[in-house]
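The next block holds one structure in the form of structure tokens; read it before the comments.
These numbers come from the heavy atoms of this one structure, side chains and all, not from hydrogens, waters or symmetry mates.
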Amino acid sequence: LFSSISTPASALRFVIVTGMSGAGRRTACHTLEDLGWYVVDNLPPQLLPELAQIARDRDFARVAVGIDVRTRSAFQQIPAAFDALGRDGVVPQILFLDADDAAIVRRQESVRRPLPLQGEGGLLDGAERERQLLATLRASADLVIDTSNLNVHQLSDRVKHVFGSHDDPDIQFTVMSFGFKNGVPIDADMVFDVRFLPNPHWVPDLRPQTGLSQAVSNYVLGHAEAGEFLDHATELLAVVKPGYVREGKRLATVAIGCTGGKHRSTAMAVELARRLRAVGIASQVLHRDLGKE
């Protein structure tokens with residue numbers, strides 16, 4: 001699909017979609033295509049500058065390129081390709097899809113396909129070779145999404161959250177609520193713990209509700225410590241933002257956790273995102289564990 005938005009060459013948004021085999025790269029690419037991005041899959045890295053030039057000549061506003069380990073030795077060409085893009089005024093963003101070994105093995109076994117670098121070894125051998133090859137790319141990614149516990153619909157929703165808007169802010173924060181009992185999100189750039197706040201779970205009338213309800217939100221935000229925390233968190237992110245922009249980071253995830261991800265973290269994430277928007281910082285909210293028992 002072609003983007004319906006025509007913008008100057010300098011406004012071209014160029015995203016590299018990569019990551020572990022079995023982590024959902026194809027799902028992410030299909031979602032971007034549905035959102036109106038021009039998507040090319042499995043392109044050799046050395047052709048990235050040519051694709052960017054074609055995109056600008058044809059006034060494509062948003063281009064996504066799927067790259068994975070099937071290109072093998074061509075991965076060595078990525079730094080040079082990124083340098084060439086930079087000289088042409090195109091700053092690529094990197095979306096990296098990751099998953100733990102158990103999830104990758106489960107998914108590959110279900111489709112009965114070997115991993116690209118598996119060779120004569122087992123699935124875990126192939127996964128380890130991929131992690132080594134992708135380590136540098138993952139470290140420089142603008143956004144890492146851990147898909148270990150996501151189904152295809154949840155991954156698609158996450159991609160829509162980040163890339164669905166036609167706005168193009170200098171940086172966008174995703175404020176994610178989560179529950180520590182379900183694990184700390186490994187794709188977060190910052191993690192805050194709000195378990196120091198009184199827990200609505202122990203208030204019978206509030207227990208069945210979530211942090212999205214006005215009653216729970218009032219209860220959580222009504223404590224002085226909540227306001228102090230939000231003041232400091234907003235100030236901290238305002239300080240961090242220019243540095244992220246200067247380093248070329250366009251997407252950042254701030255995770256706020258409580259015990260289960262139902263009450264405190266949900267209410268605090270919504271309020272933090274609201275405060276960020278109030279001071280001119282683009283932000284959106286994602287509730288990772290809301291609805292889980």
Side-chain angles (χ1 to χ4, degrees), residues 142-146 148-150 154-155 157-162 164-165 167 169-244 249-293:
D142 294 274
L143 178 64
V144 178
I145 299 180
D146 177 18
S148 302
N149 297 309
L150 302 181
Q154 291 168 328
L155 173 56
D157 286 344
R158 183 76 190 277
V159 173
K160 289 176 183 176
H161 258 87
V162 177
S165 172
D167 298 330
D170 51 4
I171 186 170
Q172 178 171 278
F173 284 93
T174 296
V175 185
M176 176 196 296
S177 69
F178 74 96
F180 278 96
K181 73 176 185 180
N182 296 311
V184 177
I186 66 170
D187 47 359
D189 297 286
M190 298 182 187
V191 177
F192 294 123
D193 184 351
V194 296
R195 288 176 294 183
F196 64 89
L197 295 171
N199 193 347
H201 176 82
W202 304 115
V203 180
D205 290 342
L206 300 180
R207 181 179 299 178
Q209 302 183 51
T210 73
L212 300 180
S213 72
Q214 194 62 54
V216 172
S217 179
N218 290 343
Y219 178 86
V220 173
L221 300 179
H223 293 277
E225 297 95 333
E228 293 176 12
F229 171 88
L230 290 165
D231 288 342
H232 289 304
T234 303
E235 292 173 2
L236 173 63
L237 294 175
V239 171
V240 167
K241 176 192 169 185
Y244 275 169
K249 188 173 181 64
R250 299 281 299 279
L251 306 167
T253 300
V254 179
I256 299 180
C258 63
T259 302
K262 179 179 180 181
H263 296 114
R264 293 167 291 182
S265 63
T266 303
M268 293 289 280
V270 169
E271 178 60 15
L272 178 58
R274 186 195 69 77
R275 291 189 179 210
L276 290 174
R277 290 192 292 268
V279 297
I281 300 176
S283 62
Q284 59 188 352
V285 182
L286 177 69
H287 303 297
R288 191 192 74 175
D289 296 333
L290 196 60
K292 292 182 179 179
E293 291 297 331

request  = Determine, step by step, whether Gln284 and Val162 satisfy the side-chain contact (heavy atoms from CB on, under 4.5 Å) criterion, reporting the C-alpha distance in whole Å, the side-chain angles of both residues, the deciding distance to 0.1 Å, and the verdict.
outcome  = CA-CA 8 Å; Gln284 59 188 352; Val162 177; 3.9 Å; yes
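Between Tyr244 and Ala252 the shortest heavy-atom distance is CE1-CB, 3.8 Å. Residues Gly183 and Phe178 share a closest heavy-atom pair of O-CD1, 3.7 Å. Here the shortest heavy-atom pairing between Gly280 and Lys241 reads O-NZ, 3.9 Å. Smallest separation of non-hydrogen atoms from Val285 and Ala273: CG2-CB, 3.3 Å.
A heavy-atom distance below 4.5 Å is not found between the side chains of His161 and Thr174. For the pair Ile145/Leu150, a side-chain contact is recorded, criterion being any heavy-atom separation below 4.5 Å from C-beta on.
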Between side-chain atoms of residues 215-222 and protein atoms elsewhere (two or more places apart, or another chain), which donor-acceptor pairs fall under 3.5 Å?
{"unit_1": "Asn218", "atom_1": "OD1", "unit_2": "Gln214", "atom_2": "NE2", "d": "2.9"}
{"unit_1": "Asn218", "atom_1": "ND2", "unit_2": "Gln214", "atom_2": "O", "d": "3.2"}

Acceptor/donor pairs from residues 226-237 side chains to any protein atom, 3.5 angstrom cut, sequence neighbours excluded:
{"unit_1": "Asp231", "atom_1": "OD1", "unit_2": "Arg275", "atom_2": "NH1", "d": "2.5"}
{"unit_1": "Thr234", "atom_1": "OG1", "unit_2": "Leu230", "atom_2": "O", "d": "2.8"}

Just distance, no hydrogens or angles: give the donor-acceptor pairs under 3.5 Å from side chains in residues 186-194, sequence neighbours left out.
{"unit_1": "Asp187", "atom_1": "OD2", "unit_2": "Asp146", "atom_2": "N", "d": "3.1"}
{"unit_1": "Asp187", "atom_1": "OD2", "unit_2": "Arg158", "atom_2": "NH1", "d": "3.3"}
{"unit_1": "Asp189", "atom_1": "OD1", "unit_2": "Lys249", "atom_2": "NZ", "d": "3.2"}
{"unit_1": "Asp189", "atom_1": "OD2", "unit_2": "Thr253", "atom_2": "N", "d": "2.7"}
{"unit_1": "Asp193", "atom_1": "OD1", "unit_2": "Arg195", "atom_2": "N", "d": "2.9"}
{"unit_1": "Asp193", "atom_1": "OD1", "unit_2": "Arg195", "atom_2": "NE", "d": "3.0"}
{"unit_1": "Asp193", "atom_1": "OD2", "unit_2": "Arg195", "atom_2": "NE", "d": "3.2"}
{"unit_1": "Asp193", "atom_1": "OD2", "unit_2": "Arg195", "atom_2": "NH2", "d": "2.8"}

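In terms of the ring-ring contact (aromatic ring centres under 6.0 Å, His included) criterion, Phe173 has no residue partners (sequence neighbours excluded). With sequence neighbours excluded, the residues that form a side-chain hydrogen bond (donor to acceptor under 3.5 Å, both in side chains) with Ser177 are His287. In terms of the side-chain hydrogen bond (donor to acceptor under 3.5 Å, both in side chains) criterion, residue partners of Arg274 (sequence neighbours excluded) are, by chain and number, Glu271.
Of the inter-residue distances, the one linking Arg288 atom CZ with Asn149 atom CG reads 7.5 Å to the nearest 0.5 angstrom. Atom OG1 of Thr259 and atom NE2 of His201 lie 9.0 Å apart (nearest 0.5 Å). Taking CZ from Arg264 and CG from Asn199, the interatomic distance works out to 3.5 Å, rounded to the nearest 0.5 Å. Rounding to the nearest 0.5 Å gives a distance of 7.5 Å between OG1 of Thr210 and NZ of Lys262. To the nearest 0.5 Å, atom SG of residue Cys258 and atom CG of residue Leu197 are 9.5 Å apart. Considering CG of Leu143 and CD of Gln172, their distance stands at 10.0 Å, rounded to 0.5 Å.
No donor-acceptor pair closer than 3.5 Å links the side chain of Asp289 to the backbone N or O of Gly261.
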